[in-house]
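This report concerns only the one structure given below.
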Amino acid sequence: MKTLKTIAVACALGAASFSAQNSGACTRILYKGADSTFVVGRSLDWKTPIPTNLYVYPAGMPKVGSDKPGAIAWTSKYGAVYAVGYDGGIIEGMNEKGLVVNGLFCKGTIYNNPDTEGRPPMSLAVFVGWLLDMNATTDEVVEVLKKHEFSIGGSTFDNGTASTLHWGVTDSSGKSAIIEFDNGDIRIYDPGDYLAMTNDPQWPSMTAILDYWEKIGGQHMLPGTVSSPDRCVRANFFTHHVESVSDPSLAVSIARSILVNACVPYTYLIQGEPNVSSTQWRSFADIKNRNYYFEIVTNPGYYYIDLSKCDLKKGASVMKLDTSKEKMLVGEANHALKKDTPFNPQF
């Protein structure tokens, strides 16, 4: 007779398989190197290209969380590099203190409930920016979110797609948190020794799947499909079974090789599954050296912004790297940043 634990794992696997077929695909990993070397890698997977430009914002900028009355307002404490989709919403980024925040799709997300009605509005278009602007560590982010003094929401994109997301957060010490909204309540998880996250199912069910495969072991067998749980299992296994190095370029290369193994090949389709999403771009945040790497899969190479060389003081200009105009970049790309106006949030 099957034990209750076995049945629970089977149910989690079944639920994960169903939800993965109907959601966008993204993968996030944390590579832990030697001498406080940490690299956060992520893929952005979607059924159509998501035009994404890089912006560097200085500290000291006044901002608002929404165009609705009573929205949260703040003045940024820290400068940051943002990846901005459609020039209208911050998908992820890293600030000058080495805090990294990445948003990934999660179909089970429900942002609000009757208790959040009337709280100051916060748009998904700038939510990541707010966290990066005002916090230096994962603990600070957690404390802000525990208060939950806002109601979150945002406009749809790509012909009506809702931005149902969850977030991975990592700081310069390597401490991480996973943030999810469950029927309007914020759930905050310490991932501990889990070093990967993908999309559905939500984190408690995903850890059951990871634990199941941990007992099987991955040297001779790993799940190989493009489903969210399978990608998470592969990524988590390899992050634990590669060399821990301190050389920053090699660390990023190792993280890149792990992430590619968990990506969806470009233009890959499954008949009858219109929502299968191929990898559009990848990023790698070298936290120790404040280098933010960006790689569009149809470009010949990948490049990085050295945030430590950017002018992030109050009063400095907003800088933009237009990825549609810079397709041949390789290596440091600070020279490709141009003065620009702030992006226009799609509240």
Side-chain angles (χ1 to χ4, degrees), residues 26-33 35-45 49-57 79-85 90-104 128 132 168-172 174 176 195-197 235 238-239 242 244-263 266 279-310 312 319-338:
C26 300
T27 305
R28 182 188 197 265
I29 65 166
L30 172 61
Y31 170 77
K32 292 186 175 183
D35 300 328
S36 300
T37 297
F38 301 103
V39 178
V40 175
R42 74 81 50 85
S43 66
L44 187 288
D45 303 355
I50 295 182
T52 304
N53 292 316
L54 306 185
Y55 283 81
V56 175
Y57 273 48
V81 55
Y82 308 137
V84 181
I90 302 172
I91 299 170
E92 64 169 41
M94 176 174 66
N95 71 15
E96 62 183 291
K97 295 297 183 181
L99 181 70
V100 178
V101 182
N102 311 88
L104 286 73
V128 169
L132 292 172
V169 181
T170 303
D171 64 20
S172 61
S176 298
L195 299 178
M197 64 180 290
F238 285 115
T239 52
V242 291
S244 180
V245 303
S246 59
D247 177 80
S249 295
L250 181 56
V252 172
S253 295
I254 292 171
R256 187 180 182 218
S257 67
I258 295 168
L259 190 62
V260 168
N261 184 265
C263 286
Y266 196 62
T279 298
Q280 304 293 329
W281 54 258
R282 292 179 282 262
S283 70
F284 305 91
D286 172 5
I287 295 176
K288 183 177 182 179
N289 296 287
R290 307 298 194 264
N291 289 334
Y292 178 80
Y293 291 75
F294 200 71
E295 176 185 22
I296 297 175
V297 298
T298 53
N299 285 1
Y302 71 128
Y303 48 86
Y304 65 92
I305 300 299
D306 186 341
L307 201 58
S308 68
K309 295 181 180 179
C310 295
L312 303 176
M319 307 294 286
K320 177 182 179 181
L321 193 160
D322 188 331
T323 62
S324 69
K325 298 178 180 178
E326 302 286 355
K327 297 184 179 181
M328 302 299 293
L329 289 174
V330 177
E332 184 185 316
N334 286 44
H335 65 278
L337 291 166
K338 309 299 181 184

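Owing to the predicted nature of the structure, the values given are computational and were not obtained by experimental measurement.
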Original post:
Looking at residues at least two apart in the chain, or sitting in another chain, which of them share a side chain to side chain donor-acceptor pair (under 3.5 Å) with Tyr303?
Top reply: none
**OP:** Grab the two heavy atoms, one from Ile305 and one from Ala333, that are nearest each other, plus how far apart they are.
**Re:** CD1-O, 3.9 Å
**OP:** Mind checking the CD1-CG spacing from Ile50 to Leu44? Nearest 0.5 Å is all I need.
**Re:** 4.5 Å
Subject >> Nearest atoms (heavy-atom pairs only) where Lys327 meets Pro300 >> reply: O-CD, 3.2 Å
Original post:
Taking all atoms of both residues into account, what is the closest heavy-atom pair of Ala285 and Met94, and its distance?
Top reply: CB-SD, 4.0 Å
Original post:
Looking only at atom types and distance, does a side-chain atom of Glu96 sit under 3.5 Å from a main-chain N or O of Gly79, one as donor and one as acceptor?
Top reply: yes
Subject >> Shortest non-hydrogen contact from Gly85 toward Thr52 >> reply: CA-OG1, 4.1 Å
Subject >> Shortest non-hydrogen contact between Ala80 and Leu307, atoms and distance >> reply: C-CD1, 4.1 Å
**OP:** Please list, chain by chain and in numerical order, all residues satisfying ring pair (Phe, Tyr, Trp, His ring centres under 6.0 Å) with Phe38, sequence neighbours excluded.
**Re:** none
Original post:
Between CG of Leu132 and CD of Glu92, what distance do you get to the nearest 0.5 Å?
Top reply: 9.5 Å
Original post:
Does the side-chain hydrogen bond (donor to acceptor under 3.5 Å, both in side chains) test come out yes or no for Ser176 and Arg28, once each step is laid out?
Top reply: CA-CA 12 Å; Ser176 298; Arg28 182 188 197 265; 4.8 Å; no
Original post:
To the nearest 0.5 Å, what is the distance between CE (Met319) and CG (Leu312)?
Top reply: 11.0 Å
Original post:
Can you list the residues that meet the side-chain contact (heavy atoms from CB on, under 4.5 Å) rule with Lys309, with sequence neighbours excluded?
Top reply: Asp306, Glu332, Asn334
Subject >> Partners meeting side-chain contact (heavy atoms from CB on, under 4.5 Å) with Pro51 (sequence neighbours left out) >> reply: Tyr86
**OP:** Not counting sequence neighbours, which residues clear side-chain contact (heavy atoms from CB on, under 4.5 Å) with Glu295? List them please.
**Re:** Arg256, Arg282, Phe284, Tyr302
Subject >> For Phe238, ring pair (Phe, Tyr, Trp, His ring centres under 6.0 Å) partners two or more places apart >> reply: none
Subject >> Side chain Ser43, main chain Thr27, donor-acceptor under 3.5 Å >> reply: yes
Original post:
Taking all non-hydrogen atoms of both residues, which atom of Gly93 and which atom of Val128 are closest, and how far apart?
Top reply: N-CG1, 4.3 Å
Subject >> Set of ring pair (Phe, Tyr, Trp, His ring centres under 6.0 Å) partners for Tyr82, sequence neighbours left out >> reply: Tyr57
**OP:** Under the side-chain contact (heavy atoms from CB on, under 4.5 Å) rule, collect the residues that match up with Thr239, sequence neighbours excluded.
**Re:** Ile29, Leu195, Asn236, Ile258
Could you give the side-chain donor-acceptor pairs of residues 245-253 under 3.5 Å, partners two or more places apart or in another chain?
unit_1 : atom_1 : unit_2 : atom_2 : d
Asp247 : OD2    : Ser249 : N      : 3.4
Asp247 : OD2    : Leu250 : N      : 2.8
Ser253 : OG     : Ser249 : O      : 3.0

**OP:** Kindly compute the distance separating CG (Asp45) from OH (Tyr266), expressed to the nearest 0.5 Å.
**Re:** 11.5 Å
Subject >> Non-neighbouring partners of Asp322 that pass side chain to side chain donor-acceptor pair (under 3.5 Å), sequence neighbours left out >> reply: Ser324
**OP:** For Asn95, check side chain to side chain donor-acceptor pair (under 3.5 Å) against everything at least two apart and list the hits.
**Re:** none
Original post:
Taking only residues two or more places apart in sequence, or in another chain, which ones meet Thr323 in a side chain to side chain donor-acceptor pair (under 3.5 Å)?
Top reply: Asn53
Subject >> Crowding at NZ, Lys97 (>12 non-hydrogen neighbours, <6.0 Å) >> reply: no
**OP:** Go through the steps to decide whether Leu54 and Tyr292 satisfy the test side chain to side chain contact (heavy atoms under 4.5 Å, CB included), and finish with yes or no.
**Re:** CA-CA 10 Å; Leu54 306 185; Tyr292 178 80; 3.9 Å; yes
